[in-house]
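One structure below.
Computed over heavy atoms, backbone and side chain alike; hydrogens, waters and symmetry mates excluded.
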Amino acid sequence: MRETAATGPGPGSAPRPDQKNVLLKVVLRLLHRTLTDYDANLLRDRDCAAVHRGSTSQWAATG
């Protein structure tokens, strides 16, 4: 994990001065089967939720 520049997605969405963005690299592999997109998204969301400290979030999987 490393810190990146905090930037918003568009005008009017600038980050707060106390906000930090990080780049989190996750490698997901199962040895006994192929992960479905849904399964991989659930695992990714679990890891992102573990490090997230903001007031809003957007996750890939729903369920």
Side-chain angles (χ1 to χ4, degrees):
M1 182 170 26
R2 70 181 150 117
E3 190 174 330
T4 65
T7 60
S13 60
R16 297 181 321 267
D18 62 334
Q19 180 178 343
K20 290 185 180 181
N21 288 348
V22 296
L23 177 61
L24 178 66
K25 181 178 180 178
V26 178
V27 178
L28 302 171
R29 290 189 192 131
L30 290 181
L31 298 178
H32 61 283
R33 69 176 178 92
T34 301
L35 279 171
T36 65
D37 288 345
Y38 180 77
D39 290 339
N41 284 336
L42 285 176
L43 292 169
R44 175 213 167 263
D45 290 352
R46 180 198 64 190
D47 291 346
C48 289
V51 298
H52 185 345
R53 298 293 180 262
S55 58
T56 59
S57 60
Q58 182 177 354
W59 307 122
T62 57

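- Not a single salt bridge (Lys or Arg N to Asp or Glu O under 4.0 Å) links Asp47 to another residue, sequence neighbours left out.
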Side chain to side chain contact (heavy atoms under 4.5 Å, CB included) between Leu35 and Leu43, worked out = CA-CA 10 Å; Leu35 279 171; Leu43 292 169; 4.2 Å; yes

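- In this structure, CG in Leu28 is found 9.5 Å from CG in Asn41, a value given to the nearest 0.5 Å.
- Around the CZ atom of Arg29, the shell of radius 6.0 Å holds no more than 12 heavy atoms that belong to other residues, nucleotides or ligands.
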